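Everything numeric in this text was worked out from a predicted model, so none of it was measured.
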Protein chains: 2
Amino acid sequence: MKRSLSRETRMALEPRKQPRQERSSKVVDRILDAALTLTREQGTKTPTTLAIARRAGLSVGSLYQYFPNKEAILLDLARRWLSSFPEVIARRIEVTPPTNRDEFRQEVRKLFIDTSRIYLENATLMPVIEAISGNADLRPIQDEYDDQIIALYAAWLQHVNPTLDDKIASRLGVLMMDVGHACRLVGLKRDRKTYDLIEDDVERMWLALVTPYLNLD
Amino acid sequence: MKRSLSRETRMALEPRKQPRQERSSKVVDRILDAALTLTREQGTKTPTTLAIARRAGLSVGSLYQYFPNKEAILLDLARRWLSSFPEVIARRIEVTPPTNRDEFRQEVRKLFIDTSRIYLENATLMPVIEAISGNADLRPIQDEYDDQIIALYAAWLQHVNPTLDDKIASRLGVLMMDVGHACRLVGLKRDRKTYDLIEDDVERMWLALVTPYLNLD
DNA sequence: GACAAACGCGAATAATTAGTCGCATTCTTT
DNA sequence: AAAGAATGCGACTAATTATTCGCGTTTGTC
């Protein structure tokens with residue numbers, strides 16, 4: 001009844017309680033740190049509750065003081081990453097749309113640099129993102145964020161070219177996201193110089209992907 | 001001792017025995033069918049031995065007559081896919097290299113069409129491929145195949161441009177593989193028409209990716 | 001049709017792991 | 001410093017699941 005309950009309840013993933021004493025907020029940090037480190041160490045496998053507790057110098061029981069279940073811990077780690085993406089793309093839609101090929105190229109580059117920064121700033125938690133993708137319980141949650149991101153990429157495309165068909169915009173949005181994601185995961189596993197080279201590669205690919213669909217002079 | 005043994009033994013993944021009576025080779029098919037169907041039904045989660053047995057109308061014990069462990073079943077399904085990839089790319093290296101931009105474009109297109117066919121022909125087992133990627137035990141095996149494929153893409157690039165630097169070739173190889181894979185997984189989940197549109201998108205991206213590195217007139 | 005080998009079975013075993021609960025310890029407040 | 005709240009503990013429970021093993025049945029062979 002332990003396992004399936006949490007699955008059936010379809011997860012309260014919110015933190016169980018706010019820490020009220022100073023020591024305990026440190027404990028929360030220790031738990032998150034431990035979970036992050038272990039996930040990184042084990043490639044992309046999600047660590048067990050026992051392992052997290054041990055690494056954090058705690059007992060299993062303490063984990064459940066602050067998190068309703070194991071998934072919530074990983075999700076807490078990923079949350080900043082997951083939510084910063086939509087923010088950043090949305091911000092790129094607020095500017096005035098480009099009018100010629102050169103301005104357009106600039107807009108792509110800006111979106112590109114902004115999204116790249118998110119990857120660079122969150123490089124250490126990429127293993128967590130990969131672990132989440134590979135976890136049957138967490139995957140659906142990431143998918144929700146992904147749908148949001150795709151919609152925003154599509155919105156960006158229609159911002160740049162208002163006559164662009166919805167279907168096409170959404171198809172290109174998916175590809176922008178997936179191509180960017182796949183290549184950047186590769187890049188972050190290499191050295192910084194290679195990462196930058198890959199960034200150039202991706203930018204060319206993005207441009208090749210979207211240019212035919214933006215009626216420019 | 002059940003679980004960890006198989007992990008420690010680092011897996012004999014070969015079929016445990018060849019079926020010697022006619023009935024049993026049908027059983028092997030039933031097992032593979034059941035595993036495939038269940039993996040497809042459950043998204044990307046690997047089915048349990050019990051579930052596979054039940055679906056195949058067998059008992060768990062019978063599974064182990066022919067497969068040394070659960071992983072071997074999935075791997076057996078994926079094996080044709082995994083091995084046909086290197087074959088196809090290798091075949092594209094045997095032809096005489098292109099000499100001008102147009103011939104080069106043709107070569108990209110041929111490689112492109114050949115790899116695309118592999119995806120189309122194996123569309124039903126994509127969930128298995130995804131499940132394998134998400135499984136900590138199976139992942140390393142897929143990684144070996146991936147390394148092979150990357151090396152072949154790199155070899156293809158150097159076949160097309162013999163002066164191409166090793167490092168660059170291998171970087172582009174990874175990106176060709178990952179971009180192709182990511183986009184085609186998307187495509188196969190859509191209708192055929194969308195798949196074809198995505199193919200065009202990917203072809204543009206591939207061309208944009210590699211063209212700058214091939215000194216053509 | 002008799003014999004051995006192959007096959008099929010499924011209850012039992014054992015490993016793993018998520019999550020709980022009552023007791024012990026530490027902190028905060030007055 | 002005493003009470004009560006918050007925190008920490010870890011043995012225990014319970015669920016899940018891979019794999020085995022001895023026994024009964026079927027099949028191919030002579």
CZ/A:Arg54: more than 12 non-hydrogen atoms of other groups inside 6.0 Å: no

Let me know the distance between [atom1] of [X] and [atom2] of [N], rounded to the nearest Å.
X: A:Gln65; N: C:dG22; atom1: CD; atom2: P; answer: 14 Å
X: B:Phe67; N: C:dG8; atom1: CZ; atom2: C1'; answer: 15 Å
X: A:Ile52; N: D:dG8; atom1: CD1; atom2: P; answer: 16 Å
X: A:Ile31; N: D:dC9; atom1: CD1; atom2: C1'; answer: 13 Å

Sugar-phosphate only, base, or nothing, as touched by B:Leu63 at under 4.0 Å among non-hydrogen atoms: nothing

Sugar-phosphate, base or nothing in reach of A:Thr48, heavy atoms under 4.0 Å: sugar-phosphate

ring-ring contact (aromatic ring centres under 6.0 Å, His included), paired with A:Trp206, selected from A:Tyr213, A:Trp156, A:Tyr153: A:Tyr153

Residue-phosphate contact under 4.0 Å: A:Tyr64 side-chain N/O, D:dG8 OP1/OP2: no

Distance below 4.0 Å between A:Thr49 side-chain N/O and C:dA18 OP1 or OP2: yes

A:Arg184 and A:Thr115 side chains, donor-acceptor separation under 3.5 Å: yes

Residue pairs involving residues 177-201 of chain A (criterion ring pair (Phe, Tyr, Trp, His ring centres under 6.0 Å); sequence neighbours excluded): A:Tyr119-A:His181

Check: A:Ser59 side chain, D:dG10 base, donor-acceptor under 3.5 Å: yes

